[in-house]
Amino acid sequence: MAHDTHTSNTKRIWFVFGLLSLVTIVEVYLGIERPHFLYFTNILGMNLLNWVFIILTLYKAYYITWAFMHMEGEKPSLRWAVVGTVVFLILYLVFILLTEGNYVHDVFKLGTIKWNF
């Protein structure tokens, strides 16, 4: 008769907490300091600092899903169904935000409507 033993996940929880805290601290530091080379370098209509924020936020979201929703123990097809859908929706949202943000900026910059706020 086999007995299943309960294993403590305290070490794993502290590791996940530390990793996510470190990424958050990096985000906060970059948000406060706004390094010149990141803030004034534009890629695809947005400065590099914003791209760093988006990538770090996606990393945190993926790791939270991986660790706390126990996706690492699931079959690869289920993992891709969940994570792939979310990644697609986030990329689509970023695309819409970039496209519409540039349109609104161009209307105010080049059009007859002026900035009044």
Side-chain angles (χ1 to χ4, degrees):
M1 179 179 273
H3 293 282
D4 291 329
T5 59
H6 177 72
T7 58
S8 176
N9 286 327
T10 306
K11 191 175 192 179
R12 176 154 165 70
I13 290 170
W14 280 109
F15 174 76
V16 171
F17 174 74
L19 182 66
L20 294 176
S21 296
L22 180 68
V23 173
T24 303
I25 289 168
V26 169
E27 285 179 330
V28 169
Y29 174 77
L30 289 175
I32 292 172
E33 289 297 319
R34 291 191 326 183
H36 188 272
F37 71 95
L38 290 176
Y39 190 67
F40 290 106
T41 303
N42 287 330
I43 296 177
L44 296 175
M46 198 167 53
N47 64 30
L48 190 57
L49 184 61
N50 286 344
W51 283 112
V52 169
F53 286 143
I54 289 171
I55 291 167
L56 289 176
T57 302
L58 287 174
Y59 174 77
K60 285 193 317 186
Y62 179 80
Y63 202 79
I64 288 169
T65 304
W66 183 262
F68 294 121
M69 294 177 67
H70 308 289
M71 292 301 284
E72 73 264 54
E74 298 296 337
K75 293 185 179 191
S77 58
L78 178 63
R79 276 188 273 181
W80 278 109
V82 172
V83 174
T85 303
V86 172
V87 167
F88 171 76
L89 290 174
I90 289 172
L91 290 175
Y92 181 68
L93 177 64
V94 168
F95 170 76
I96 293 295
L97 288 172
L98 289 174
T99 304
E100 294 301 319
N102 280 338
Y103 172 75
V104 170
H105 181 266
D106 290 344
V107 165
F108 280 114
K109 185 177 179 183
L110 305 174
T112 58
I113 301 172
K114 299 300 176 198
W115 296 95
N116 59 359
F117 48 91

Quick one, Trp14 with Leu19, criterion side chain to side chain contact (heavy atoms under 4.5 Å, CB included). Give me CA distance, side-chain angles, the key distance, then yes/no.
CA-CA 9 Å; Trp14 280 109; Leu19 182 66; over 6 Å; no

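Residue Ile90 is not grouped with residue Ile96 when hydrophobic side chains (ILVMFWY) are merged at heavy-atom distances under 4.5 angstrom, including chains of intermediate members. In the hydrophobic clustering of ILVMFWY residues, with side-chain heavy atoms under 4.5 Å counting as a link, Ile64 and Phe17 come out apart. Note on Val16 and Ile13: separate hydrophobic clusters, where clusters join Ile, Leu, Val, Met, Phe, Trp and Tyr whose side-chain heavy atoms are under 4.5 Å apart, directly or indirectly. Under a hydrophobic-cluster definition in which Ile, Leu, Val, Met, Phe, Trp and Tyr are linked whenever side-chain heavy atoms come within less than 4.5 Å, directly or via other members, Ile55 and Val87 are assigned to different clusters. Residue Trp51 is grouped with residue Tyr29 when hydrophobic side chains (ILVMFWY) are merged at heavy-atom distances under 4.5 angstrom, including chains of intermediate members.
Annotation: the span from Glu74 atom CD to Arg79 atom CZ amounts to 8.5 Å, rounded to 0.5 Å. How far CD1 of Ile54 is from CG of Leu93: 9.0 Å, rounded to the nearest 0.5 Å.
Among residues at least two apart or in separate chains, side chain to side chain donor-acceptor pair (under 3.5 Å) pairs with a member in residues 52-70 are Thr24-Lys60, Glu27-Thr57, Glu27-Lys60.
Leu97 is not listed as a side-chain neighbour of Tyr92, based on a closest heavy-atom distance of 4.5 Å or more. Taking 4.5 Å as the limit, every side-chain heavy atom of Thr41 sits out of range of all side-chain heavy atoms of Asn47.
Taking the ring-ring contact (aromatic ring centres under 6.0 Å, His included) definition, one finds that Phe95 meets it with nothing, sequence neighbours left out. Residues passing the side chain to side chain donor-acceptor pair (under 3.5 Å) test with Arg12, sequence neighbours excluded: Glu72.
In summary, of the residues considered (Leu49, Asn42, Leu48, Asn50), a side-chain contact (heavy atoms from CB on, under 4.5 Å) with Met46 occurs for Asn50 alone.
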